[in-house]
Each structure stands twice: as C-alpha cells, then as structure tokens.
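The figures that follow rest on heavy atoms only: side chains count, while hydrogens, waters and symmetry mates do not. Everything numeric here is computed off the predicted structure, so don't read it as measured data. Remember, it's 1-based here, ligands and their atoms both numbered in the order they're listed.
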Amino acid sequence: MDIIFHHPTFDTQFWLDGMQQLIPDARVRQWRPGDNQPADYALVWHPPVEMLSGHSELKGVFALGAGVDSILSKLQTHPDMLPEGVPLFRLEDTGMALQMQEYAVSQVLHWFRRFDDYQALKLQAKWLPLEDYRREDFTIGVLGAGVLGGKVAESLAAWDFPVRCWSRSKKNYPGITSYAGNEELSDFLNGTRVLINLLPNTPQTVGIINSQMLNQLADEAYVMNLARGVHLVENDLLAALDSGKVKAAMLDVFAKEPLPENSPLWKHPRIAITPHLAAVTRPQEAMEYIAKTIREIEKGESPSGQVSLHNGY
Ligand SMILES: NC(=O)c1ccc[n+]([C@@H]2O[C@H](COP(=O)([O-])OP(=O)(O)OC[C@H]3O[C@@H](n4cnc5c(N)ncnc54)[C@H](O)[C@@H]3O)[C@@H](O)[C@H]2O)c1
Ligand SMILES: O=C(O)[C@H](O)CO
C-alpha cells in the first residue's frame, strides 16, 4: 500500500514516521511536485491540484483538519482535482472536541461571572460588586450540532446552563433542546443569550451571523465564532456591539486570516481575539484515526468521516 502526504506547515517527517509505525507494511512518502506515481491513500492540506488529479486509483483522500471548505472551494475551480468516486474523509474529533470544550466553557464562564465587567472596573480602580447573572437568563445556543458542536453543547449543559442547538436534522443530546432547519431558526435564536458558532462553511451558512440573526438574540447577547470567519458579517457585529444588542464577542476565525492590522476588530474593547486555534489537529490522534479508517476501507467497510460533496461538509 502506498500513502502520500502533503501539508504546507506540519512536520512532514513526524507524520511519515508516525503513519509508517501505525501501518508497517505501507510505503509512506512525502508527495513532491512531479511525483506522478500511483498511491492508495493521500493525506493532505491545501493539496496542489496535480497531487490528486487523474489519480482515480486512490481509495481515499484524508483532509488533515475538520473543515474541508478549502478543499471543496478549490474543487469549484478545479473539478478534476478529486477524481470521480474517490472518497474524501475529514478529521472527526481526533482531540479537537476537548479543545473546543475548553475554549467555549472557559469563555462562557468568564462572561457569566462578569469578569469582563470587573476587568473594566479594575481599570478604573473601582470596587463595585455587580448583580449576579442568573443561569435562567443565560441560555446558550450552539449553531451546528455535529461532532464538535454536540460536545460543546454537552459540556455546557453539564455546567447547568440551559442549552439548545441548531442543525440540519434533530439531535437527541440529553438535556439539550434541539432545533432543526431554517423553519426553526427563529425559535432557536429567540431567547438565546450566548451564541456559539460551530457550523461548517457551505453556501448555505456563509454570512449567517448577520444583523437579522443578531437582532433576534436576547438583549446583551454574547457571540463566539469558532467555525469560520465567513460565517460572520463583521460590520453587522460591530453595529450590534455599538447599539448594545451584543455585549461582547470572542472570535477565533476571520474572513481574512491573519486578521489585517488595520481591522477595527483588534481595537474594539468588547471583542476578544485568538488566532484560529480553538481546536488544532493533534497529530497522534489524527494518525490513529486515519490508520483505523484505512484498515476499515481495506476490509470493505464504510467508515465514518466521509465528506458529502453534495452537502458540502
Ligand atoms: N476554529 C478552529 O480551530 C476549528 C477547528 C476545527 C473545526 N472548526 C470548524 O468547525 C466546523 C464544525 O466541525 P464538526 O466536526 O463539528 O462538523 P460536523 O460536520 O460534525 O457538524 C456540522 C453541523 O452543522 C450542521 N449544519 C450544516 N449545515 C447546516 C445548515 N445549512 N443548517 C443547519 N445546520 C447545518 C450539521 O447538521 C451538523 O450538526 C468545521 O467545519 C470547521 O469549519 C474550526
Ligand atoms: O478545520 C479545522 O480543522 C481547523 O479550523 C483548521 O483549519
């Protein structure tokens, strides 16, 4: 079995050695421009078109992240990049859910305990106990209730917050109210105080967090974008912060990354920013998942994690 690997920034040797250890009888190599030799599996991030195009012998392509929007958008301009019938897989959790839970829970607790207000008071040397927020006024709504959103919702429910989620089809997570489809979006938003986004980037979800959505949230809402920058209309968020409809936002992802130095988001006192690291690929977990999936494909099984090109995620 031949496995080819391409990632613009990862430590290639670490991945080649790791995959070799997990599948000892495989020949694992770094793909380099001009390499047109056949392969059974490809592990990729931002793959050059010629790495995959024409390779209909591939039995699987593994994206080395959870979101496959960068690969699917390249397919728009280079439809032959993924040969017909070759399945595309993505990383399902592989250590990312725990990171998302840490990020979301810590920030929700930060807002709930009013640490942002106390930091502002501290800067004025003011000793002023504020009224507590109540859990019943702190309903958390998770947009996108898949592998990551579902786990984030569960971890917040464990802190006794009222939690709801929104997805394409109904979910059955204990203690979490599930809303599905565009028909139920308004009901989901109505009363949501903390909006956490974990949707995939698809034509249906681009720009979904806009004025119309923000205006339906509870007053003094909080917004956390952990999925993709294109989901959020940045100017609409700034307007909602200025009007007071939104009290604060925590953003990990941006329409343009790195976020340009002149972006007004940097200077806004009620926007917190992290540089797209809410959940990063954990190499060992990812390699174990890929090796397990390869074994399943080799046995003729249908492993989970296959991307639906039709749904776009
Ligand atoms: N910031 C980061 O560091 C980081 C890390 C990993 C993943 N992500 C992002 O998180 C996203 C989610 O990852 P995942 O593994 O949970 O994905 P997933 O495919 O398991 O879940 C997607 C969820 O979104 C819902 N959904 C999709 N389209 C919808 C629509 N039109 N209307 C309503 N619901 C819709 C699905 O029903 C599902 O519940 C990724 O696509 C990626 O963009 C970000
Ligand atoms: O989707 C992912 O895995 C991360 O956001 C990196 O792009």
Should L156 and V105 count as side-chain neighbours, where that means a heavy-atom distance under 4.5 Å?
yes

Measure the distance from atom 10 (O) of ligand 1 to every protein heavy atom, then report the residue, atom name and distance (to 0.1 Å) of the closest one.
L198 CD2, 3.9 Å

Could you tell me whether V253 approaches ligand 1 through its side chain, its backbone, both or neither, with non-hydrogen atoms closer than 4.0 Å?
side chain

A227 heavy atoms within 4.0 Å reach ligand 1 at atoms 9 (C), 43 (O), 44 (C)

Measure the distances from the heavy atoms of H276 to every atom of ligand 2 and state whether one is below 4.0 angstrom.
yes

Taking the minimum heavy-atom distance to atom 16 (O) of ligand 1, which of V68, L148, N311, N197 ranks first?
L148

Between Q212 and Q216, do the side chains contain a donor N or O and an acceptor N or O under 3.5 Å apart?
no

Ignoring hydrogens and angles, state whether a donor on the side chain of T274 or Y103 is under 3.5 Å from an acceptor on the partner side chain.
yes

Nearest neighbour in protein (non-hydrogen) for atom 21 (O) of ligand 1:
G146 CA, 3.2 Å

Checking contacts here: is it the side chain or the backbone of L199 that comes within 4.0 Å of ligand 1, counting heavy atoms only? Could be both or neither.
both

Can you check whether A66 has an N/O within less than 3.5 Å of an N/O in ligand 2?
yes

Using a 4.0 Å cut-off to any heavy atom of A66, which atoms of ligand 1 qualify?
6 (C), 7 (C)

Just checking Y289 against F89, ring centres under 6.0 Å apart?
no

Is there any N or O on D252 that sits under 3.5 Å from an N or O of ligand 1?
yes

Close approach, M100 and ligand 1, non-hydrogen under 4.0 angstrom
yes

Identify, by atom number and element, the atoms of ligand 2 in contact range of G65, meaning under 4.0 Å from any of its heavy atoms.
3 (O)

Starting from atom 44 (C) of ligand 1, which protein heavy atom do you reach first, and at what distance in Å?
L226 O, 3.1 Å

State plainly whether the residues K292 and E296 are in salt-bridge range, i.e. N to O under 4.0 Å.
yes

Would you say the rings of F10 and W45 are close, in the sense that their centroids are separated by under 6.0 Å?
no

Residues D93 and K151 bridged, charged N to O under 4.0 Å:
no

Using a 3.5 Å cut-off on N or O atoms only, is A279 in polar contact with ligand 1?
yes

T139 and R164: side chain donor to acceptor below 3.5 Å
no

Could you tell me which atoms of ligand 1, counted from 1 in the order shown, lie closer than 4.0 angstrom to a heavy atom of M96?
6 (C)

Does the side chain of M51 come within less than 4.5 Å of M81's, by heavy atoms?
no

Using modelled atom types and a 3.5 Å cut-off, is there a donor and acceptor pairing between side-chain atoms of S167 and backbone atoms of S169?
yes

Counting non-hydrogen protein atoms only, what is the nearest one to atom 41 (O) of ligand 1? Give residue, atom name and distance.
P200 CA, 3.4 Å

Write out the residue and atom name of the closest protein heavy atom to atom 28 (N) of ligand 1, then the distance separating them to 0.1 Å.
R168 CD, 3.4 Å

For Q204, the atoms of ligand 1 under 4.0 Å from one of its heavy atoms are 31 (N)

Considering only protein heavy atoms, which is closest to atom 32 (N) of ligand 1, and at what distance to one decimal place?
W166 CH2, 3.3 Å

Carboxylate-amine/guanidinium contact K170 E184, below 4.0 Å
yes

Does R228 approach ligand 1 within less than 4.0 angstrom via side chain, backbone, both or neither, non-hydrogen atoms only?
side chain

Look only at interatomic distance and state if R228 has a nitrogen or oxygen under 3.5 Å from any nitrogen or oxygen of ligand 2.
yes

Is the charged tip of R168 near the ring of Y313: under 6.0 Å from the six-membered ring centre and within 45° of its axis?
no

Between E92 and ligand 1, which residue portion shows a heavy-atom distance shorter than 4.0 Å: side chain, backbone, both, or neither?
neither

Decide whether an N or O pair under 3.5 Å exists between G67 and ligand 2.
yes

For the ring pair F161 and F112, is the centre-to-centre distance below 6.0 Å?
yes

Using a strict cut-off of less than 4.0 Å between a Lys/Arg side-chain nitrogen and an Asp/Glu carboxylate oxygen, indicate whether K245 and D236 qualify as a salt bridge.
no

In this structure, atom 18 (P) of ligand 1 is nearest to the protein heavy atom R90 NH2, 3.3 Å

Which residue owns the protein heavy atom closest to atom 36 (C) of ligand 1, what's the atom, and how far is it?
Y313 OH, 3.5 Å

Salt-bridge test for R32 and D35: reply yes if a basic N is under 4.0 Å from a carboxylate O, no otherwise.
no

For H276, the ligand 1 atoms whose distance to one of its heavy atoms is below 4.0 Å:
1 (N), 2 (C), 3 (O)

Is the closest N or O pair between V280 and ligand 1 shorter than 3.5 Å?
no

In terms of ring plane angle, is the pair Y222 and Y133 parallel, tilted or perpendicular, where the classes change at 30° and 60°?
perpendicular

